[in-house]
Amino acid sequence: MTRDEALAFLATQGAGVLSLTGDPPCSLPMSFAVDQSTDRVVVQVLSGPDSAKTEFLADGVGASLVAFERSTPDDWVSAVARGELVAVERTPERVAAFADHAKSVGMEVFDSDPRDLDGTWYELRPESVTGRCGPDWDEGNTFGETR
C-alpha cells in the first residue's frame with residue numbers, strides 16, 4: 001500500500017492501538033481520527049486521577065498507531081503510523097474531526113466519574129505511514145457489512 005492508501009484506511013477506522021516508547025513501552029487501545037488536511041492523527045486521551053497511562057504520555061514521545069481488519073486469512077488489511085506524539089490545544093477543527101471519525105468508548109470503562117476525567121489532546125505527527133493487505137483485500141471492502 002502507498003502512504004496515501006494507508007492513511008485513507010486509517011481514516012476509516014477510528015480505533016486502534018497506540019504504542020508509546022519508554023522503559024517499559026506502553027500500548028493502549030485508543031480512539032482516533034485522521035485530520036486529512038494535515039495527515040496527522042488526532043487523539044483525545046481520557047484519564048482518571050489514578051490513571052497509569054499519564055506517566056507514559058509526554059509531549060514529544062515516540063509513538064506508533066496500528067489499526068487492522070481481518071475477514072479471512074487472505075482478506076485483511078493493516079496500517080501503521082509512526083512518529084512523534086505532540087500535545088496540542090483543543091480546537092473546534094480537532095473536536096470536529098474526532099467527533100466525525102473516532103469510534104467512541106463507553107464511559108463506563110473508567111473507574112472515575114466522567115466529570116473527573118482529564119481530556120488531553122494529542123497529535124501523532126507521522127514520520128512514516130505504511131500498510132499491507134492480503135491478496136483478497138479490496139479498498140472498497142467494508143468488513144462485517146458486505147460479507
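- Across all non-hydrogen atoms, the minimal contact from Ser64 to Val80 is CB-CG1, 4.4 Å.
- Put simply, CG on Leu28 and CG on Leu65 are 11.0 Å apart, with the number rounded to the nearest 0.5 Å.
- Shortest non-hydrogen contact noted between Met1 and Cys133 is CG-SG, 4.2 Å.
- Nearest heavy-atom pair across Pro126 and Arg3 is O-NH2, 3.9 Å.
- Here the shortest heavy-atom pairing between Gly16 and Phe32 reads N-CE2, 3.6 Å.
- Shown here for Ser78 and Phe68, the closest heavy-atom pair between the two residues is CB-CB, 3.7 Å.
- Side-chain contact between Val42 and Trp121 is present, with at least one heavy-atom pair separated by less than 4.5 Å.
- The hydrophobic cluster containing Leu20 does not contain Val17, counting ILVMFWY residues as joined when their side-chain heavy atoms lie under 4.5 angstrom apart, directly or transitively.
- Under a hydrophobic-cluster definition in which Ile, Leu, Val, Met, Phe, Trp and Tyr are linked whenever side-chain heavy atoms come within less than 4.5 Å, directly or via other members, Met30 and Val66 are assigned to different clusters.
- Between Phe9 and Glu69 the shortest side-chain heavy-atom distance falls below 4.5 Å.
- Applying the side-chain hydrogen bond (donor to acceptor under 3.5 Å, both in side chains) test to Ser27 and every residue at least two apart in sequence or in another chain returns Ser19.
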Go through the steps to decide whether Arg132 and Trp76 satisfy the test side chain to side chain contact (heavy atoms under 4.5 Å, CB included), and finish with yes or no.
CA-CA 8 Å; Arg132 296 189 66 147; Trp76 58 271; 3.9 Å; yes
Test side chain to side chain contact (heavy atoms under 4.5 Å, CB included) applied to Arg94 and Val43, step by step
CA-CA 9 Å; Arg94 288 187 183 105; Val43 179; over 6 Å; no
Test Thr130 against Arg82 for side chain to side chain contact (heavy atoms under 4.5 Å, CB included), laying out the working first.
CA-CA 9 Å; Thr130 57; Arg82 289 182 182 90; 4.0 Å; yes
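- The closest donor-acceptor contact from the side chain of Arg70 to the backbone of Val77 lies at 3.5 Å or more, if one exists at all.
- What you find for Gln13 and Ala67 is that their closest heavy atoms are CG-CB, 3.9 Å.
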List the steps, then state whether side chain to side chain donor-acceptor pair (under 3.5 Å) holds for Asp74 with Thr72.
CA-CA 5 Å; Asp74 290 327; Thr72 69; 5.8 Å; no
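- Taking OG1 of Thr12 as the start and CG of Leu7 as the end, the distance is 11.0 Å to the nearest 0.5 Å.
- Listed by first and then second residue, the salt bridge (Lys or Arg N to Asp or Glu O under 4.0 Å) pairs that reach into residues 37-46 are Arg40-Glu123, sequence neighbours excluded.
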